[in-house]
Asker: 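A single structure is presented below for examination.
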Amino acid sequence: MAGQSGGRLWLVAPALLWLPASAFAAPEAPSHAVSTPPVAAARFDERPADAALIAELRGGGFVLFLVNAPTERGPNVASQAFDVNDCSTQRVVSPEGRRIATQLGEAMRLARIPIEDMRVGPLCQARETAALAFPGQVFAVDPKLLHTPYLTEADKLPIIANTRLLLSLPVLPGGNRMLIAQAPNLMDVIGYFPREATLVIFRPKGGKDGFDYIASIMPASWPALSRALSPASPR
């Protein structure tokens, strides 16, 4: 169940939750949010992460955006049968995607990358990715991380504003904020459409000051990064 404690949002365990349709009405955007989406660059410069950055992530203070794991072919949110509470009306994580998500989570744990706050989009593919990669991790289901391509421009605005806000808000040292949603959410904000299961790393600058894109880790890059890291010392 959702609740507020000391100004922080403490939400749900990693299970498929029933969410009322009213949760997906376009909410009011933060007062400082942009009123229109920023103009995307003609070409986004994707930068691969290195072992030195992984070492920095261990200290916390970053925002990590994980794109959902690969999905099976099937219904999408444009279908008239789509129901956010019914995974049978949505594209769900494929067997290969399940393997990738599980291995990605294991790689992050071996790298000792701490997750302090996890917020997950409402689609089943995002929630399933979270449960596979981070079993037992408590996370918040955020309706304003909804998949955007089939929304009207007006309904996209609060989702874009929320994504920008979550990428911008400071993160205390010792932990990282994790967002798990779909690639179009980043495309709408910074003109970058990362591949499935890509981990995109941002450094928040605080509220109105925005954020900096740092680097990306594609799923196939984890083994090489793990080999490059020095042996992790026992806790």
Side-chain angles (χ1 to χ4, degrees), residues 14 41 43-71 93-121 125-126 128-139 163 166-183 185-187 189-206 210-235:
R43 179 181 177 275
F44 188 88
D45 182 20
E46 185 179 66
R47 299 193 291 269
D50 57 19
L53 177 57
I54 300 298
E56 286 191 65
L57 295 179
R58 290 174 176 172
F62 292 84
V63 180
L64 313 177
F65 188 110
L66 177 60
V67 182
N68 64 273
T71 59
V93 176
S94 67
E96 176 66 3
R98 295 176 66 86
R99 182 188 67 78
I100 289 172
T102 300
Q103 290 183 345
L104 183 149
E106 291 173 352
M108 289 190 64
R109 285 186 289 277
L110 286 172
R112 296 190 295 125
I113 299 173
I115 305 300
E116 175 69 19
D117 175 27
M118 182 179 296
R119 298 171 187 246
V120 178
Q125 58 192 246
E128 189 174 4
T129 298
L132 288 164
F134 308 101
Q137 173 88 39
V138 173
F139 59 76
T163 304
L166 291 175
L167 295 175
S168 302
L169 289 175
V171 182
L172 294 176
N176 297 289
R177 178 181 302 125
M178 170 71 80
L179 311 178
I180 302 180
Q182 285 70 40
N185 297 68
L186 284 186
M187 184 67 189
V189 173
I190 58 173
Y192 175 30
F193 198 99
R195 287 156 283 185
E196 290 174 315
T198 296
L199 186 71
V200 188
I201 302 162
F202 296 91
R203 180 179 284 111
K205 296 164 67 176
F211 52 87
D212 290 327
Y213 164 72
I214 303 301
S216 301
I217 306 176
M218 280 61 77
S221 300
W222 281 105
L225 284 172
S226 297
R227 289 192 297 271
L229 291 169
S230 59
S233 57
R235 285 182 176 273

Asker: Measuring from Ile100:CD1 to Met218:CE, what's the distance to the nearest 0.5 Å?
Answerer: 13.5 Å
Asker: When the side chains of residues 101-108 are checked against the rest of the protein, which donor-acceptor pairs come out under 3.5 Å, sequence neighbours left out?
Answerer:
unit_1: Thr102; atom_1: OG1; unit_2: Arg98; atom_2: O; d: 2.8
unit_1: Gln103; atom_1: OE1; unit_2: Arg99; atom_2: NH1; d: 2.8

Asker: Could you give me the CA-CA distance, side-chain angles and deciding distance for Leu186 and Phe65, then say whether side chain to side chain contact (heavy atoms under 4.5 Å, CB included) is met?
Answerer: CA-CA 9 Å; Leu186 284 186; Phe65 188 110; 3.7 Å; yes
Asker: So which heavy atom on Ala126 is nearest to which on Gln182, and how close?
Answerer: CB-NE2, 3.8 Å
Asker: What residues, two or more places apart in sequence or in another chain, satisfy side-chain hydrogen bond (donor to acceptor under 3.5 Å, both in side chains) together with Asn176?
Answerer: none
Asker: When rounded to the nearest 0.5 angstrom, what distance separates CG in Leu167 from CD1 in Ile190?
Answerer: 7.5 Å
Asker: Within the 4.5 Å heavy-atom criterion, are Glu116 and Leu172 side-chain neighbours or not?
Answerer: no
Asker: Less than 4.5 Å apart, any side-chain heavy atom of Val63 and any of Pro204?
Answerer: yes
Asker: Would you compute the distance between atom CD1 of Ile201 and atom CD of Glu56 and round it to the nearest 0.5 angstrom?
Answerer: 9.5 Å
Asker: More than 12 heavy atoms of other residues, nucleotides or ligands under 6.0 Å from CZ of Arg109: yes or no?
Answerer: yes
Asker: State, to 0.1 Å, how close Ala197 and Pro219 come at their nearest heavy-atom pair, and which atoms those are.
Answerer: O-CD, 3.5 Å
Asker: Step by step, would you call Glu46 with Arg195 a side chain to side chain contact (heavy atoms under 4.5 Å, CB included)?
Answerer: CA-CA 11 Å; Glu46 185 179 66; Arg195 287 156 283 185; 2.8 Å; yes
Asker: Report the distance from atom CG of Asp212 to atom NZ of Lys205, rounding to the nearest 0.5 Å.
Answerer: 4.5 Å
Asker: Hey, are the side chains of Gln125 and Val67 touching, using non-hydrogen atoms and a 4.5 Å cut-off?
Answerer: no
Asker: Which of these, Leu225, Leu53, Thr198, sits in a side chain to side chain contact (heavy atoms under 4.5 Å, CB included) with Ile217?
Answerer: Leu225
Asker: Hey, is the main chain of Val93 close enough, under 3.5 Å, to the side chain of Thr71 for a donor-acceptor pair?
Answerer: no
Asker: In Å and rounded to the nearest 0.5 Å, what is the CD1 to CD1 distance from Ile115 to Ile180?
Answerer: 8.5 Å
Asker: Can you name the nearest heavy-atom pair linking Ala228 to Ala51, along with the distance?
Answerer: CB-CB, 3.9 Å
Asker: Restricting to non-hydrogen atoms, name the atom on Arg203 and the atom on Ile214 that form the minimum distance, rounded to 0.1 Å.
Answerer: NH1-CD1, 3.2 Å
Asker: Using a 3.5 Å distance criterion without hydrogens, assess whether the side chain of Arg58 forms a donor-acceptor pair with backbone atoms of Ala111.
Answerer: yes
Asker: Taking ring pair (Phe, Tyr, Trp, His ring centres under 6.0 Å) as the definition, give me every residue that meets it alongside Phe211, ordered by chain and number, with sequence neighbours left out.
Answerer: Phe202
Asker: Using modelled atom types only, decide if a donor and an acceptor are shared between the side chain of Tyr192 and the backbone of Tyr213 within a distance under 3.5 Å.
Answerer: no
Asker: Evaluate Leu66 against Thr129 for side chain to side chain contact (heavy atoms under 4.5 Å, CB included), listing each step before the verdict.
Answerer: CA-CA 9 Å; Leu66 177 60; Thr129 298; 4.0 Å; yes
Asker: With side chain to side chain contact (heavy atoms under 4.5 Å, CB included) as the test, would you mind laying out the steps for Met118 and Val138 before giving the verdict?
Answerer: CA-CA 7 Å; Met118 182 179 296; Val138 173; over 6 Å; no
Asker: Can you tell me how far CG of Asp50 sits from OG of Ser221, rounded to the nearest 0.5 angstrom?
Answerer: 11.5 Å
Asker: Go through the steps to decide whether Asp117 and Arg177 satisfy the test salt bridge (charged side-chain N to carboxylate O under 4.0 Å, His left out), and finish with yes or no.
Answerer: CA-CA 5 Å; Asp117 175 27; Arg177 178 181 302 125; 3.7 Å; yes
